Novice: 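Below: one structure in structure tokens.
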2 protein chains.
Amino acid sequence: MITSFTEENYLKSIYHLSPDEGTAVNTNAIAESLNTKAASVTDMLKKLADKEFINYIKYQGVTLTPLGRERALNIIRKHRLWEVFLVEKLNFKWDEVHDLAEELEHIHSDLLINRLDEFLEFPKTDPHGDPIPDKHGKFNVPELIPISKLKNETSGIISGVREHSPLFLKYLEKTGLVLGQEIKIKEQIEFDGSFIISIKENDIMISREVAKNLLIAI
Amino acid sequence: MITSFTEENYLKSIYHLSPDEGTAVNTNAIAESLNTKAASVTDMLKKLADKEFINYIKYQGVTLTPLGRERALNIIRKHRLWEVFLVEKLNFKWDEVHDLAEELEHIHSDLLINRLDEFLEFPKTDPHGDPIPDKHGKFNVPELIPISKLKNETSGIISGVREHSPLFLKYLEKTGLVLGQEIKIKEQIEFDGSFIISIKENDIMISREVAKNLLIAI
DNA sequence: TTATATTTTTAGATTAATCTAAAAATAATT
DNA sequence: AATTATTTTTAGATTAATCTAAAAATATAA
């Protein structure tokens, strides 16, 4: 079954909006995430339901069928592998690759993407630390915890982000808060919830907002 | 000015159908090359003329404007660089890359393609020997001659093909008639116009059809 | 040069994806 | 439970790209 770019973007959006497999996703949430209108979403949901990519009951939101989930993961796999390619081979920065990968993810060829996977030596995560599904759609969800939830004196490795905006990523880069960097939580300031952490022998302060979006492996 | 995939395919088609810059391309020729109908072509020609990519006079065919030519060459550059990537880095065969490159050529990023060019070390030709325009649209047209036009006892290097169908390319591959291979014309058979050529100390026969489509640098 | 054939364009429909505005269903609140 | 607010769907249009069938223009041939 052929899928259009648009359909693929809807499937991806529904996948990303599902906290877990069972719970339904709202029309409005999809509309917002795709910068479109609820009426347009309703139309597309009917179409995706016809094609058996989603379970759709009027007024009740949607869940992905196994087929839809497979398709969504395939697109996410492509997106993340292209991101690795752009960063590792073409020297793009981690804050520059998202929009390009949004285009490249729609290239329709499993053979191509499997060859790319091999060329990149089967990376497990993309440049933002997000896991890359293998060709069967399997991946491990690494146990990452935001800095905001860690206790003082905890050490760990920066291993992911919860926010992917170029502005945030550029800030992290500039501050040295890059993937693989070891850090240690020193203190939380009660007044505004900001944190003092040590990185490479220095103490720096990060806002609560940053702490919530920086993920650590312990 | 943003161009849709469809508009880009029309521009590319018009470029490929222009034997030289001045002569106009027919509506029907475009329709045939894009597997569409003349009426659809007329509609699109009006649109491309509005956008100043082509010079269009009703019933007189079209030529590319400098802007249209630039755009066409940019797409061709992308197509050919992606082909090099697929063959050199992802181990695709020269007969497998065309359809994939047809998709990849529409990725909209000059930065990406210039980085890819650099990564591939600025190749001058694609896997079929066709020249790759540089970022300014400049390229040398190599002087290649079909075997069918060569005299007996001429030696040369296989450097291009005039026909890109997978069937033809697979045949060449199997027969050892690959880019870079030196050959020598031994004899033309009057009866059917086929040729006997020597390749790696062996004499082989190729049909007139093959001889017309295999290009040699002397 | 008139008649015939071919090519190209117009007119009017169709399909995918979108929109606005209004109606219907569901959820929240008094 | 009745009213209000929110969410979702329907109805009807719009845009890009396509199509078929018919008309118009150009090219070819008698």
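It should be emphasised that the depicted structure is a prediction, and the values quoted were computed from it without experimental measurement. Note on naming: letters A, B, ... go to the chains in the order of the sequence lines (proteins, then strands), and numbering restarts at 1 for each one.
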Novice: Can you tell me which nucleotide in C:dT7, D:dT7, D:dT10 comes closest to the side chain of B:N28?
Specialist: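 When the side chain of B:N28 is considered, C:dT7 is the closest of C:dT7, D:dT7, D:dT10.
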Novice: Under 4.0 Å between a side-chain N or O of A:K37 and OP1 or OP2 of D:dT8?
Specialist: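 A:K37 to D:dT8 OP1/OP2: no side-chain N or O under 4.0 Å.
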Novice: I need the CD1-P distance between A:I57 and C:dT26, as an integer number of Å.
Specialist: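 Spelled out: CD1 on A:I57 to P on C:dT26 is 11 Å.
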Novice: Checking ring-ring contact (aromatic ring centres under 6.0 Å, His included) between A:H128 and each of A:H79, A:H164, A:H98, which is the one that passes?
Specialist: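 Testing each of A:H79, A:H164, A:H98 against A:H128, the sole residue satisfying ring-ring contact (aromatic ring centres under 6.0 Å, His included) is A:H164.
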Novice: Got a salt bridge between B:K12 and B:E105, using NZ or NE/NH1/NH2 to carboxylate O under 4.0 Å?
Specialist: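 Judged by the 4.0 Å cut-off on N to carboxylate O distance, B:K12 and B:E105 do form a salt bridge.
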Novice: Mind calculating the distance between OH (B:Y59) and C1' (C:dA5) to the nearest angstrom?
Specialist: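 Checked: the OH to C1' distance equals 15 Å.
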Novice: Whole-Å distance between D:dT8 C1' and A:L45 CG?
Specialist: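 That distance rounds to 10 Å.
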Novice: Does C:dT10 have its OP1 or OP2 closer than 4.0 Å to a side-chain nitrogen or oxygen of B:K58?
Specialist: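 B:K58 to C:dT10 OP1/OP2: side-chain N or O found under 4.0 Å.
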Novice: Nearest whole angstrom, please: distance from the C1' of C:dA11 to the NZ of B:K46.
Specialist: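 From B:K46 NZ to C:dA11 C1': 10 Å.
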Novice: Looking only at the side chain of A:A39 (C-beta and beyond, no hydrogens), which of the listed nucleotides D:dT8, C:dC19, D:dC19 gets closest?
Specialist: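 So the nucleotide nearest the side chain must be C:dC19.
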Novice: Please confirm whether the shortest side-chain N or O distance from A:T36 to OP1 or OP2 of C:dT18 is below 4.0 Å.
Specialist: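 A:T36 to C:dT18 OP1/OP2: no side-chain N or O under 4.0 Å.
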Novice: Under 4.0 Å between a side-chain nitrogen and a carboxylate oxygen: does that hold for A:R69 and A:E21?
Specialist: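 Salt bridge: yes.
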Novice: Are the side chains of A:I113 and A:L116 in contact, using a 4.5 Å heavy-atom criterion?
Specialist: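 In contact.
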Novice: Determine the contact category for A:T27: base if any of its heavy atoms lies under 4.0 Å from a base atom, sugar-phosphate if only primed atoms, P, OP1 or OP2 are that close, otherwise nothing.
Specialist: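 Sugar-phosphate contact only.
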Novice: Looking at B:T42, does any N or O in its side chain come under 4.0 Å of the phosphate oxygens OP1/OP2 on C:dT10?
Specialist: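 For C:dT10, neither OP1 nor OP2 has a side-chain N or O of B:T42 closer than 4.0 Å.
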Novice: Nearest whole Å is fine: how far is D:dT10 C1' from A:M44 CE?
Specialist: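 A:M44 atom CE is separated from D:dT10 atom C1' by 17 Å.
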Novice: Do A:R208 side-chain atoms and A:D192 backbone N/O form a donor-acceptor pair below 3.5 Å?
Specialist: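 No.
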Novice: Give the rounded distance in Å between these two atoms: CD1 of B:I30 and C1' of C:dT8.
Specialist: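 Interatomic distance, CD1 of B:I30 to C1' of C:dT8: 12 Å.
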Novice: Side chain of B:Y56 only, please: which of C:dC19, C:dT9, D:dT18 is the nearest?
Specialist: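 Of the candidates, C:dT9 comes closest.
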Novice: Which whole-number value in Å describes the distance from B:I54 CD1 to C:dT8 P?
Specialist: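 It works out to 13 Å between those atoms.
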Novice: Could you tell me the separation between the CD atom of A:E32 and the C1' atom of D:dT6, rounded to a whole number of Å?
Specialist: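 Value for this atom pair: 15 Å.
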Novice: Name the nucleic acid region contacted by B:F5, choosing base, sugar-phosphate or nothing; use a 4.0 angstrom heavy-atom cut-off, strictly under.
Specialist: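 Counting heavy atoms under 4.0 Å across all strands, no contact is made by B:F5.
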Novice: At under 4.0 Å between heavy atoms, what does A:D43 touch on the DNA or RNA strands: base, sugar-phosphate, or nothing?
Specialist: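 Base: the residue A:D43, judged by heavy atoms under 4.0 Å, touches a nucleobase.
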Novice: Taking OP1 and OP2 of C:dT8, is either one under 4.0 Å from a side-chain nitrogen or oxygen of B:N26?
Specialist: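 Yes, such a contact exists.
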Novice: Are the side chain of A:D130 and the backbone N or O of A:D126 linked by a donor-acceptor pair below 3.5 Å?
Specialist: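 No: the side chain of A:D130 does not pair with the backbone of A:D126.
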Novice: Under 4.0 angstrom, heavy atoms only, what part of the nucleic acid is B:T6 near: base, sugar-phosphate, or nothing?
Specialist: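 Touches sugar-phosphate only.
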Novice: Heavy-atom nearest nucleotide on DNA chain C for A:Y10 versus A:Q60: which residue maps closer to 5'?
Specialist: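 The residue whose closest nucleotide sits nearer the 5' end is A:Y10.
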